[in-house]
Amino acid sequence: MGRVNLDSFEGPFSSVFRSPTARVLDEARIVGSMEQTVSMLSESTGLDYKTVKSVLQHLIRVGFVRKGRKIGNAQAYRFDVENELHPLLDWATQFQHGKPKRH
């Protein structure tokens with residue numbers, strides 16, 4: 001995977017996990033069900049194309065992403081993370097703001 005400055009991430013998942021996958025999941029939270037291409041995600045996350053492609057393949061395998069329609073020659077992807085990750089997202093948001101909930 002290419003180099004990326006993980007300290008520049010501001011989303012809840014990125015602030016906790018500090019990884020390219022976390023950055024893509026933060027972007028998924030922002031865009032919701034809107035389809036995104038690898039190039040669009042690369043630009044919005046600051047990650048290189050190969051890294052985003054690798055992350056998407058992993059997220060497809062675990063069921064958080066599915067292929068959408070083709071946009072020109074580019075494959076679009078749709079995220080299905082909101083419901084499955086909601087409790088973790090709540091915790092990560094609290095952590096990001098310095099108030100982690102204890103259960």
Side-chain angles (χ1 to χ4, degrees):
M1 288 189 196
R3 293 190 149 247
V4 63
N5 180 1
L6 296 174
D7 293 327
S8 67
F9 293 166
E10 297 179 25
F13 291 125
S14 301
S15 70
V16 174
F17 299 112
R18 298 275 193 230
S19 73
T21 302
R23 182 65 187 119
V24 171
L25 288 173
D26 280 332
E27 188 64 21
R29 185 182 59 83
I30 293 166
V31 301
S33 63
M34 186 172 76
E35 291 180 324
Q36 299 277 296
T37 64
V38 175
S39 294
M40 294 164 77
L41 286 165
S42 178
E43 184 177 328
S44 64
T45 62
L47 299 170
D48 66 46
Y49 185 92
K50 284 184 176 183
T51 299
V52 171
K53 188 133 178 95
S54 174
V55 167
L56 286 172
Q57 294 307 311
H58 171 69
L59 293 174
I60 287 170
R61 283 191 302 273
V62 298
F64 291 154
V65 172
R66 59 187 157 94
K67 287 184 178 181
R69 61 191 168 98
K70 286 275 204 168
I71 300 175
N73 290 332
Q75 177 65 55
Y77 298 88
R78 184 179 302 273
F79 293 94
D80 293 326
V81 297
E82 186 72 23
N83 293 333
E84 292 85 352
L85 295 178
H86 192 68
L88 180 58
L89 176 59
D90 286 344
W91 179 84
T93 301
Q94 291 292 325
F95 180 87
Q96 181 185 25
H97 296 297
K99 309 173 222 165
K101 287 192 227 177
R102 303 218 190 266
H103 292 285

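The chain is numbered in sequence order, starting from 1.
- Side-chain atoms of S14 never come within 3.5 Å of backbone atoms of G11 as a donor-acceptor pair (strictly under, hydrogens ignored).
- Atoms CD and CG, on Q36 and L41 in that order, are 5.0 Å from each other to the nearest 0.5 Å.
- Sequence neighbours left out, not one pair with a member in residues 38-47 passes salt bridge (charged side-chain N to carboxylate O under 4.0 Å, His left out).
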Which donor-acceptor pairs under 3.5 Å do the side chains of residues 70-78 make with protein atoms, sequence neighbours left out?
from: Q75; atom 1: NE2; to: G68; atom 2: O; distance (Å): 2.8
from: R78; atom 1: NH1; to: S33; atom 2: O; distance (Å): 2.3
from: R78; atom 1: NH2; to: E35; atom 2: OE2; distance (Å): 3.4

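- Linking Ile, Leu, Val, Met, Phe, Trp and Tyr residues whenever their side-chain heavy atoms come within less than 4.5 Å leaves M40 and F64 in two separate clusters.
- Judged purely by atom type and a 3.5 angstrom limit, T21 has no side-chain atom pairing as donor or acceptor with the backbone of V55.
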Side chain to side chain contact (heavy atoms under 4.5 Å, CB included) between V24 and F79, intermediate numbers included: CA-CA 10 Å; V24 171; F79 293 94; 3.9 Å; yes
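- Heavy-atom minimum distance, R23 versus S44: NH2-O, 3.3 Å.
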Step-by-step side chain to side chain contact (heavy atoms under 4.5 Å, CB included) determination, R29 to L25: CA-CA 6 Å; R29 185 182 59 83; L25 288 173; over 6 Å; no
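- For the pair S42 and V52, the tightest heavy-atom approach, listed with the atom from each and the gap, is CA-CG2, 3.8 Å.
- Residue pairs meeting the side-chain hydrogen bond (donor to acceptor under 3.5 Å, both in side chains) criterion with at least one partner in residues 55-68, sequence neighbours excluded, are R66-D80.
- Contact between Y49 and S39 at its shortest, heavy atoms only, is CE1-OG, 3.7 Å.
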Before you tell me yes or no, could you show the steps for V38 and L56 under side chain to side chain contact (heavy atoms under 4.5 Å, CB included), namely the whole-Å CA-CA distance, both residues' side-chain angles and the distance that decides it to 0.1 Å? CA-CA 8 Å; V38 175; L56 286 172; 3.7 Å; yes
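- Contact detail for P12 and S15: the closest heavy-atom pair is O-OG, 2.9 Å.
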